[in-house]
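Here's the structure we're looking at; comments come further down.
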Amino acid sequence: DRSIKIAPSILSADFANFGQEIRAIEAQGADWVHVDVMDGHFVPNITFGPPAVKAFRPHVSTVMDVHLMIAPVDPYIDAFAEAGSDIITAHLEAGPHIHRTLQAIRAAGCKAGLSLNPGTGLEDVAYLLDLVDMVLVMTVNPGFGGQKFIASQVDKVRRLRQMIGDRPIHIQVDGGITPETAPLVAKAGADVLVAGSAVFKGGSVENPAPYGENIRAI
Ligand code: DX5
Ligand code: ZN
């Protein structure tokens, strides 16, 4: 099923009202909830960890899509799985043993995602396709919302879609996705679009109506 799913990133949500914001984006059409975990080491920003993900869980009725921008990953997989993650995505660049990390994510009972930074090629992905349910192609350098889309990644999405063939593997794109850039990545073969600033712009927890308009515009 290659219908396009929209996964708003709560990195752009109101950090004082995550429960309400999660319920609002789901009520307004979000297919998944994208949770950006940052450790201030793998990326130059810090967000939240397993206790926060556990607190989000009761408010998520769709899919809790947890994007780990952390290194190392392995010591925290069980905590994020127990916190209620449906999908756990790790960065290929986060350490020397991504093969083992992906095996550990599935062993913990979660779907496994592999994320590639803009500078990372597809060569290594070939040896990991049997271990993943999703490949996340970063279209910005990770760490912040509201950054500019890196157009060179469209070709990576296209070539990745060819590599995947008819395997049941999602291609997720993340960073700078707007109504202008979404068609480019969808046409290239992405089927899950993460958007933070493009979804939350112009709305608030008191006035969530723009969230729905923004989701539909993508
Ligand atoms: C960046 C995160 C993205 C980010 C997307 O490190 O992984 O999910 O929140 O934000 P926008 O859509 O505003 O680029
Ligand atoms: Zn993300």
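It should be emphasised that the depicted structure is a prediction, and the values quoted were computed from it without experimental measurement. Numbering of ligands and ligand atoms starts at 1, following listing order.
- Checked for salt-bridge contact, Asp133 and Arg106 meet the test: a charged N lies under 4.0 Å from a carboxylate O.
- Of all atoms in ligand 1, numbered sequentially from 1 with element shown, those under 4.0 Å from a heavy atom of Met38 are 6 (O).
- Minimum-distance N/O/S atom of His67 relative to the Zn ion (ligand 2): ND1.
- Here is the list of ligand 1 atoms found below 4.0 Å of a heavy atom in Gly175: 14 (O).
- Atoms of ligand 1 lying under 4.0 Å from at least one heavy atom of Gly145, given by number and element, are 10 (O), 13 (O).
- Below 4.0 Å from some heavy atom of Met138 lie the following atoms of ligand 1, by number and element: 7 (O).
- Distance from atom 1 (C) of ligand 1 to its nearest protein heavy atom, with residue and atom name: Phe144 O, 3.5 Å.
- Residues Ile87 and Ile177 do not share a hydrophobic cluster, clusters being chains of Ile/Leu/Val/Met/Phe/Trp/Tyr side chains in contact below 4.5 Å.
- An angle of 170° is found at the Zn ion (ligand 2) between Asp36 atom OD1 and Asp174 atom OD2, rounded to 10°.
- Which parts of ligand 1 touch Gly146 is read off a 4.0 Å heavy-atom cut-off, strictly below it: atoms 11 (P), 13 (O), 14 (O).
- Note on Ile22: it does not cluster hydrophobically with Trp32, by side-chain heavy-atom contacts below 4.5 Å among ILVMFWY residues.
- Aromatic pair Phe42/His91: ring centres closer than 6.0 Å.
- Of all atoms in ligand 1, listed by their number and element, those nearer than 4.0 Å to a heavy atom of His67 are 7 (O).
- Among all protein heavy atoms, the one lying closest to atom 6 (O) of ligand 1 is Gly143 N, 2.7 Å.
- Heavy-atom separations between Ala198 and ligand 1 are all 4.0 Å or longer.
- With hydrogens left out, the protein atom closest to atom 13 (O) of ligand 1 is Ser197 OG, 2.5 Å, a heavy atom.
- Ligand-side atoms of ligand 1 in range of Pro142: 6 (O), range being under 4.0 angstrom from any heavy atom.
- Near Leu11, the atoms of ligand 1 lying under 4.0 angstrom from a non-hydrogen atom of the residue are 9 (O).
- Residues Gln172 and Asp65 have side chains that bring a donor and an acceptor to within less than 3.5 angstrom of each other.
- Other residues, nucleotides and ligands contribute over 12 non-hydrogen atoms within 6.0 Å of the CZ atom of Phe48.
- Of all protein heavy atoms, the one closest to atom 14 (O) of ligand 1 is Gly176 N, 2.8 Å.
- Between the side chain of Thr139 and the backbone N or O of Gly175 there is at least one donor-acceptor pair closer than 3.5 Å.
- For atom 9 (O) of ligand 1, the nearest non-hydrogen atom from the set Val140, Asp36, Val35, Asp65 belongs to Asp36.
- Classification of Lys5 and Asp191 as a salt-bridged pair fails, no side-chain N sitting under 4.0 Å from a carboxylate O.
- Ligand 1 has no atom lying under 4.0 Å from any heavy atom of Phe149.
- For ligand 1, the polar-atom distance check finds no N/O of Asn141 at less than 3.5 Å from any of the ligand's N/O atoms.
- Both Leu131 and Leu114 are members of a single hydrophobic cluster when ILVMFWY side chains are connected at heavy-atom separations under 4.5 Å.
- Across all non-hydrogen atoms, the minimal contact from Ala79 to Pro50 is CB-CG, 3.7 Å.
- Nearest protein heavy-atom contact of atom 12 (O) of ligand 1 is Gly196 N, 2.7 Å.
- Screening Val63, Ile25, Val66, Asp86 against Val33 for a side chain to side chain contact (heavy atoms under 4.5 Å, CB included) leaves a single residue, Ile25.
- Side chain to side chain, Glu26 and Ser61 meet the donor-acceptor criterion of an N or O pair below 3.5 Å.
- For atom 8 (O) of ligand 1, the nearest non-hydrogen atom of the protein is Asp174 OD1, 2.5 Å.
- A donor and an acceptor atom, one from each side chain of His34 and Asp36, are located under 3.5 Å apart.
- If you look at His34 and ask which of its N, O or S atoms sits nearest the Zn ion (ligand 2), the answer is NE2.
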